[in-house]
Amino acid sequence: MTLTNPKRFYSRFLKGHAGKLHFRAHSHHFWPDVSREAQIAYWDDCAVLGDEKWDRIFSETIPRTQNHIAKILGLKEPRQIALAPNTHELAARLLSLFLGRKSLRILTTTNEFHSWRRQFLRLMEIPGITIRQVDAADFLRDRAAFLNDMKSELAKSYDLVFLSQVFFDSGAALMDGDIESLVAAAPDSTLFAVDGYHGFAAIPCNLARLEGRIFYLGGGYKYGQGGEGVGFMVVPKGNWRPADTGWYAEVAQLSRPAGEAVGYPDDGMAFMGSTQDPSGFYRFNAVWDLFDAEGIDIRGIHSYVVGLQKAFLDNLPQRFMQDWSLTPLFDPVLDWHGHFLTFEAASLEIAEKCLQILNDNDILIDRRGTRLRFGFGLYQDETDVIELCRRLEELAG
């Protein structure tokens with residue numbers, strides 16, 4: 001569908017950033033106004049229900065969150081979705097499946113998000129753990145070569161594979177078919193995990209053909225628009241027994257006498273942790289209840305954002321690019337790309353200086369090393385993009 005004035009849903013965040021051009025949707029997407037009422041509703045539920053709030057959260061709130069996530073990803077089994085305050089907690093729980101093993105072989109890439117990169121570097125210090133990183137730096141220029149390199153490695157029977165759906169440092173995205181071909185190249189015994197950090201609720205993604213085969217991690221902090229506290233992991237069916245486990249995984253059995261054996265449910269709840277602030281689920285549900293009521297789906301969102309990106313590229317002053325020696329790290333056709341556009345500066349000093357000048361002129365983007373990222377979202381329109389390009393023209397020279 002064609003979206004008409006989605007900015008109207010974000011009046012509070014827009015008022016809070018009046019006069020500023022916020023192009024960091026990939027870092028912290030604005031929240032729709034309904035999320036504020038949802039936050040208050042959580043407080044009111046706590047005041048009325050006290051400890052009994054957990055009955056409502058587990059019987060109503062969490063299933064609604066799971067259903068929204070399942071709909072966004074084209075899944076049939078919402079109960080296979082585990083929730084947590086963040087995806088790193090779920091990733092750690094996934095890794096805990098391998099505790100006690102004498103050896104562990106992990107396949108990943110050189111361009112994973114900071115938390116995973118840091119975790120892998122630390123794991124490499126432990127004897128018996130081998131981690132192979134396939135170079136993803138040239139993925140933008142030669143997608144086929146990267147996929148072939150991954151498939152060649154996958155044939156070597158790793159215990160765990162982890163890679164991004166959208167690479168955080170460029171915006172380059174794997175298509176559904178790309179992921180399916182990589183999964184097909186891996187032995188059934190290999191656990192396959194996809195980090196949907198920059199893909200979930202942004203680019204259209206249908207996991208129906210991979211349901212029951214892969215772990216998929218994502219959250220509400222960015223395009224999910226529910227803010228902090230909404231991490232999730234899609235879990236294949238199986239008798240999972242993560243060593244890192246909390247009381248949420250036993251919530252259906254709390255009234256039974258405590259036993260010595262550690263039991264696990266037979267769905268995604270096996271990866272649930274312990275007490276967390278559930279207000280993020282309230283906010284997330286309110287946002288996607290609104291979008292459902294308005295007929296807003298991921299394809300409509302993606303089409304709207306691509307329109308903004310193309311308007312940006314059509315009006316981007318080349319003088320600004322030349323003056324700051326910025327090189328685009330994307331195909332201008334934007335055939336399949338995330339919701340941010342990345343430009344690489346010639347040096348770290350240039351990147352830092354450029355970002356500072358933009359911030360000083362109320363143009364809010366972000367930087368990863370020498371790479372500057374411009375992010376686009378529903379709270380912007382073409383007028384904002386034209387104004388951005390006008391300010392960039394003024395800053396050139």
Side-chain angles (χ1 to χ4, degrees), residues 14 17-30 109-114 117 135-143 164 166-173 197-198 202-203 222-223 304-397:
L14 289 169
H17 291 76
K20 298 179 180 180
L21 293 174
H22 188 279
F23 281 81
R24 293 179 185 159
H26 56 286
S27 181
H28 193 308
H29 198 292
F30 284 3
T109 79
T110 55
N111 295 60
E112 300 304 321
F113 182 64
H114 298 307
R117 177 190 55 79
D135 191 351
D138 289 331
F139 174 73
L140 282 164
R141 289 179 283 274
D142 197 339
R143 173 187 296 263
S164 294
V166 176
F167 290 106
F168 85 99
D169 57 352
S170 67
Y197 193 57
H198 280 291
I203 61 175
K222 301 188 184 301
Y223 308 107
Y304 182 86
V305 168
V306 170
L308 296 178
Q309 291 176 324
K310 289 184 175 179
F312 174 65
L313 295 180
D314 287 343
N315 293 277
L316 178 63
Q318 290 304 305
R319 198 158 61 92
F320 176 84
M321 299 285 293
Q322 294 165 1
D323 287 351
W324 288 99
S325 302
L326 300 179
T327 302
L329 295 181
F330 52 85
D331 185 333
V333 176
L334 298 178
D335 188 33
W336 199 253
H337 197 82
H339 283 188
F340 59 97
L341 300 177
T342 306
F343 299 85
E344 186 154 37
S347 69
L348 184 61
E349 181 182 7
I350 291 175
E352 290 175 340
K353 186 176 180 181
C354 183
L355 180 66
Q356 186 59 56
I357 287 178
L358 293 179
N359 285 342
D360 291 345
N361 286 273
D362 292 329
I363 299 172
L364 306 183
I365 65 167
D366 69 355
R367 177 181 63 83
R368 294 294 180 264
T370 57
R371 298 182 176 189
L372 301 172
R373 305 189 302 178
F374 290 75
F376 301 81
L378 293 182
Y379 57 88
Q380 305 156 348
D381 59 19
E382 191 167 329
T383 301
D384 298 315
V385 173
I386 298 301
E387 174 61 15
L388 168 64
C389 293
R390 187 192 68 79
R391 294 192 194 181
L392 294 179
E393 178 70 38
E394 288 184 347
L395 294 175

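Values reported hereafter were calculated over all heavy atoms of this structure, with side chains retained and with hydrogens, waters and symmetry mates removed.
In this structure, Gly338 and Ala173 approach most closely via the heavy-atom pair N-CB, 4.2 Å. Counting all heavy atoms, side chain and backbone alike, Leu14 lies closest to Phe30 at CD2-CE2, 3.9 Å. Taking all atoms of both residues into account, the shortest heavy-atom contact from Ala351 to Gly369 is CB-O, 3.9 Å. Shown here for Leu308 and Gly377, the closest heavy-atom pair between the two residues is CD1-O, 3.5 Å. When every heavy atom of Asp362 is checked against every heavy atom of Gly19, the shortest pair comes out as CB-O, 3.7 Å. Looking at every heavy atom in both residues, Lys310 comes nearest to Leu334 through CG-CD1, 4.1 Å.
Considering Ile357, Ile350, Leu355 as possible partners of Lys353, the one that fulfils the side chain to side chain contact (heavy atoms under 4.5 Å, CB included) test is Ile357. Here the options are Arg373, Arg371, Arg367, the test is salt bridge (charged side-chain N to carboxylate O under 4.0 Å, His left out), and the partner is Asp169; only Arg371 passes. For the pairing with Phe312, the ring-ring contact (aromatic ring centres under 6.0 Å, His included) check across Phe374, Phe23, Phe320 returns one residue only, Phe374.
Using a 4.5 Å heavy-atom cutoff, the side chains of Leu372 and Cys354 are in contact. Side-chain contact between Asp331 and His337: absent, with no pair of heavy atoms (C-beta onward) separated by less than 4.5 Å. Proximity of Leu313 to Phe330: side-chain heavy atoms (C-beta onward) are separated by under 4.5 Å at one or more points. Here the side chains of Asp323 and Leu395 are not in contact, with every heavy-atom distance at 4.5 Å or above. The closest side-chain heavy-atom distance from Asn315 to Glu393 is not below 4.5 Å. Put simply, the side chain of Thr109 reaches to within 4.5 Å of the side chain of Glu112, judged on heavy atoms. Looking at Phe340 and Asp366, their side chains never come closer than 4.5 Å, going by heavy atoms from C-beta outward. In this structure the side chain of Tyr304 reaches within 4.5 angstrom of the side chain of Asp381, judged on heavy atoms.
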**Study point:** ring pair (Phe, Tyr, Trp, His ring centres under 6.0 Å) between Tyr379 and His29, intermediate numbers included
**Key:** CA-CA 8 Å; Tyr379 57 88; His29 198 292; 5.0 Å; yes
Practice item. Would you check, one step at a time, whether the test side chain to side chain contact (heavy atoms under 4.5 Å, CB included) holds for Leu364 with Asn359? Key: CA-CA 6 Å; Leu364 306 183; Asn359 285 342; 3.8 Å; yes
**Study point:** salt bridge (Lys or Arg N to Asp or Glu O under 4.0 Å) between Glu394 and Arg390, worked out
**Key:** CA-CA 6 Å; Glu394 288 184 347; Arg390 187 192 68 79; 2.5 Å; yes
Exercise for review: Apply side chain to side chain contact (heavy atoms under 4.5 Å, CB included) to the pair Phe167 and His198, showing each step before the final yes or no.
Suggested key: CA-CA 7 Å; Phe167 290 106; His198 280 291; over 6 Å; no
Review point. Given the rule in the side-chain hydrogen bond (donor to acceptor under 3.5 Å, both in side chains) test, do Thr370 and Glu344 qualify, once you have shown the distances and angles that lead to the verdict?
Key: CA-CA 6 Å; Thr370 57; Glu344 186 154 37; 3.0 Å; yes
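The line from CG of Asn111 to CZ of Arg117 is 11.0 Å long, rounded to the nearest 0.5 Å. How far CZ of Arg391 is from CG of Asn361: 8.0 Å, rounded to the nearest 0.5 Å. One finds the CG atom of Leu341 at 5.0 Å from the CZ atom of Phe376 (value rounded to the nearest 0.5 Å).
Within 6.0 Å of atom CD in Glu382, 12 or fewer heavy atoms from other residues, nucleotides or ligands are found, so the atom counts as exposed in its surroundings. When the shell of 6.0 Å around CG of Asp335 is examined, it contains 12 or fewer heavy atoms from other residues, nucleotides or ligands.
For the pair Lys222 (side chain) and His28 (backbone), a donor-acceptor distance under 3.5 Å is absent. At distances below 3.5 Å, not a single donor-acceptor pair connects side-chain atoms of Gln380 with backbone N or O atoms of Val305. Without hydrogens or angle criteria, Asp135 side chain to Ala137 main chain gives a donor-acceptor distance under 3.5 Å.
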